[in-house]
A.B. asks: 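Supplied in C-alpha cells, the structure appears directly below.
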Amino acid sequence: MRAGVAPDHQHTKAITDLFARIEAQPGFSYALGLEVGVDVTHEQLLQRHDAVVYATGASADRRLGVPGEDLPGNTTATAVVAWYNGHPDHVATPIDLDAERTVVVGNGNVALDVARVLLSDPAQLARTDIADHALEALRTSRLRCVELVARRGPAQAAFTVPELVGLLHHPDVDVVVPQRDLLDGDDVKSRLLREGTTAEPVEGRRHVLLRFLAAPVEVLGERAVTGVRLARTRLETDVDGTVRAMPTGELDDVATTSVLRSVGYRSTPVPGVPFDPVAHRIPNVGGRVLDAAGGALLPRTYVVGWAKRGPTGFIGTNKSCSLETVNHLLADVALGRLDHESVLGAPGRSVRGQDLVGLDLDAWRRLDAHERVAGREQGRPRRKVVERARMLDVVNGVASAR
C-alpha cells in the first residue's frame with residue numbers, strides 16, 4: 001500500500017486503517033528490515049515459530065524479450081510507481097521527464113496509474129503523499145503524452161473498468177484513441193472509450209494515447225533509446241474462445257527517448273524456500289508448500305497471494321486466497337502437524353519473534369506518526385521519509401530527523 005498504490009488513490013490506501021487494527025491485536029509483532037536468506041534463514045524462522053507463511057508476492061517485472069530492451073531510457077512502470085511513492089530502493093531511478101512523449105508497453109491498471117500520475121497537475125498531487133523528490137521533478141516536467149501500447153483490442157484491454165472510468169473523468173488529462181473503427185464493440189470498455197475519448201489530442205492538453213493492435217519488436221537506438229518499433233496485429237479467436245494477437249507484417253516506428261514496460265510480473269526465489277522456475281511461484285497445494293513442484297509437503301511452511309498462484313487478481317482475490325491457506329494451516333494445527341521441538345520452548349508452544357533483530361511495531365508507529373505530523377503541516381496525508389538512514393534517525397529520535 002505504501003509503495004505500490006498511486007498517491008492520488010488515497011481511498012485505496014485507507015485499507016491501512018485495517019492493518020492498524022490488526023497490528024493492535026495481542027500477540028502481533030513486527031521484525032522489519034530483515035531479508036530472508038540474508039539476515040535470517042528459513043530454517044531459523046522454523047526453529048523460532050510454529051509455522052511460517054510466505055506472502056512475498058511477485059516483485060519482478062516480466063521482460064519484453066526484444067532487441068534494445070537494455071538501452072538507457074528503458075525502465076519499468078513498477079520502478080516509476082516506486083519512484084513517485086518514495087521507495088528507498090528507487091529514489092534515484094532515472095525518470096526521463098524532458099521528452100514530450102513516453103511509450104508504455106502494456107495497458108493494465110499499473111500502466112494507467114503511471115500515465116495518470118505523470119501527466120497530472122503537480123498542484124493537485126501536492127495534496128497527496130507523493131514523494132517530495134517526485135513532486136519537484138513533475139513540476140518541471142515537459143511530458144505531454146503517454147502512449148500505451150496494447151497487443152490486442154479494446155475489449156481485451158487489461159485495465160479494469162473502474163480504473164478506466166477514473167482516467168476518463170480526470171480533469172487534467174484527455175484520453176485519445178485514433179483507431180476509432182476499433183471502438184464499435186458492445187462491451188463496456190469499447191463503449192466507454194467510444195463515448196469518452198477523442199480521435200486527436202487537443203492542442204496544449206496533456207493526454208494518454210491508447211494504441212491497440214500493436215506489439216513491440218525492437219527498442220530503437222544505439223547508445224540510448226530513440227524510439228520503439230511496433231508490429232501491427234490482428235485478432236484471431238481459438239476454438240476455446242481465447243483471443244490472440246497475430247502479426248500482420250506491417251511495422252510502425254514511434255519516436256521517444258523513454259520506454260516503460262508494464263507487461264506483467266513474476267515471483268523471484270526466496271533463498272532456502274522451494275521455487276518452481278517454470279511457473280515462477282512457490283510450489284504448493286492449497287497454500288501448503290511442497291519441497292518441489294509435484295513433490296512432498298514441506299513441514300509447517302505455507303504461502304499466500306501471488307507467490308502462491310501467480311500474478312493474477314486484486315485485493316479481494318488475495319483475501320479469499322489467504323482464507324484457503326489459513327484454513328489449511330488451522331486444519332494442520334488440529335491434526336498435530338505443527339507440533340515441533342522449538343529452540344525456545346516445548347512442542348506446540350507459541351513462539352514470538354522478538355528474538356529476531358529488526359525494527360518492531362513501535363518503530364513503525366514512530367515513523368508513521370512523524371510522517372503524518374509533517375504532512376499535516378502542508379495539508380497532506382503524510383510526507384514520506386524516503387532514505388533508510390533518515391528513517392532510522394526518526395525511529396531512534398535523532399534530533400536532525402525532525
Side-chain angles (χ1 to χ4, degrees), residues 3 6-8 61 63-64 66-107 110-149 167 170-176 178 200-211 214 216 218-230 252-263 384 386-387:
D8 58 347
D61 292 83
R63 291 179 60 84
L64 299 177
V66 301
E69 187 175 3
D70 294 316
L71 285 169
N74 285 283
T75 188
T76 68
T78 306
V80 176
V81 173
W83 171 77
Y84 59 58
N85 270 321
H87 190 292
D89 291 344
H90 294 277
V91 172
T93 295
I95 308 297
D96 183 3
L97 297 175
D98 290 331
E100 292 193 357
R101 178 187 300 265
T102 288
V103 174
V104 179
V105 180
N107 66 346
V110 173
L112 260 62
D113 277 347
V114 166
R116 186 186 67 254
V117 172
L118 292 184
L119 294 173
S120 289
D121 182 355
Q124 297 300 317
L125 292 175
R127 302 174 183 175
T128 73
D129 63 349
I130 189 172
D132 288 351
H133 64 266
L135 182 60
E136 291 306 310
L138 290 172
R139 282 177 171 149
T140 59
S141 171
R142 298 178 56 203
L143 189 62
R144 290 296 177 267
C145 171
V146 177
E147 181 168 338
L148 270 58
V149 176
L167 181 62
H170 197 290
D172 306 327
V173 180
D174 296 334
V175 182
V176 177
E200 298 288 341
V202 177
E203 186 174 356
R205 290 276 297 175
R206 297 181 179 185
H207 62 279
V208 177
L209 189 151
L210 300 180
R211 181 191 291 259
E218 183 179 0
V219 177
L220 304 174
E222 294 184 3
R223 297 183 179 178
V225 172
T226 59
V228 59
R229 179 160 293 159
L230 304 173
D252 296 301
D253 290 350
V254 178
T256 183
T257 57
S258 174
V259 175
L260 312 180
R261 70 175 187 267
S262 185
V263 291
K384 290 179 179 175
V386 300
E387 300 88 4

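These numbers come from the heavy atoms of this one structure, side chains and all, not from hydrogens, waters or symmetry mates. Source: prediction; values computed, not measured.
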A.B. asks: Could you go through E147 and T256, starting from their C-alpha distance and side-chain angles, then the distance that decides it, and tell me whether this counts as side-chain contact (heavy atoms from CB on, under 4.5 Å)?
C.D. replies: CA-CA 10 Å; E147 181 168 338; T256 183; over 6 Å; no
A.B. asks: Please report the C-alpha distance between R205 and V176 in whole Å, then the side-chain angles of each, then the deciding distance to 0.1 Å, and finally whether the side-chain contact (heavy atoms from CB on, under 4.5 Å) criterion is met.
C.D. replies: CA-CA 11 Å; R205 290 276 297 175; V176 177; over 6 Å; no
A.B. asks: Mind checking salt bridge (Lys or Arg N to Asp or Glu O under 4.0 Å) for E387 and listing every partner two or more places apart, or none if nothing turns up?
C.D. replies: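 E387 satisfies salt bridge (Lys or Arg N to Asp or Glu O under 4.0 Å) with no residue once adjacent residues are dropped.
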A.B. asks: Test D253 against R229 for salt bridge (charged side-chain N to carboxylate O under 4.0 Å, His left out), laying out the working first.
C.D. replies: CA-CA 4 Å; D253 290 350; R229 179 160 293 159; 2.8 Å; yes
A.B. asks: A side-chain contact here means heavy atoms from C-beta on lying under 4.5 Å apart; do P216 and L230 qualify?
C.D. replies: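 Touching, per the 4.5 Å side-chain cut-off.
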A.B. asks: In the structure I gave you, are the side-chain heavy atoms of S258 and V225 within less than 4.5 Å of one another anywhere?
C.D. replies: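 Side-chain contact under 4.5 Å: no.
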A.B. asks: Flag the pair V104 / V146 as yes when at least one side-chain heavy-atom distance between them is below 4.5 Å, and no otherwise.
C.D. replies: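 Sidechains of V146 and V104: in contact.
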A.B. asks: Under 3.5 Å, side chain of N74 to main-chain N/O of E69, donor-acceptor pair present?
C.D. replies: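 Yes.
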A.B. asks: Verify, without hydrogens or angle tests, whether H133 (side chain) and W83 (backbone) share a donor-acceptor contact under 3.5 angstrom.
C.D. replies: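 Judged by distance alone, yes, a pair lies under 3.5 Å.
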A.B. asks: Start with the C-alpha gap between L119 and L143, add the side-chain angles, then the distance that decides, and say whether side-chain contact (heavy atoms from CB on, under 4.5 Å) holds.
C.D. replies: CA-CA 7 Å; L119 294 173; L143 189 62; 4.0 Å; yes
A.B. asks: Name the one of D252, L148, N107 that satisfies side-chain contact (heavy atoms from CB on, under 4.5 Å) with R211?
C.D. replies: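 For R211, the side-chain contact (heavy atoms from CB on, under 4.5 Å) check succeeds only for D252.
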A.B. asks: Yes or no on side-chain contact (heavy atoms from CB on, under 4.5 Å) for N85 and K384, after CA distance, side-chain angles and deciding distance?
C.D. replies: CA-CA 8 Å; N85 270 321; K384 290 179 179 175; 3.5 Å; yes
A.B. asks: Take atom CD of E136 as the centre, draw a 6.0 Å sphere, and report whether it contains more than 12 heavy atoms from other residues, nucleotides or ligands.
C.D. replies: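 Correct, the count exceeds 12.
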A.B. asks: Salt bridge (charged side-chain N to carboxylate O under 4.0 Å, His left out), that's the test. Do R116 and D8 meet it? Break it down for me.
C.D. replies: CA-CA 9 Å; R116 186 186 67 254; D8 58 347; 2.7 Å; yes
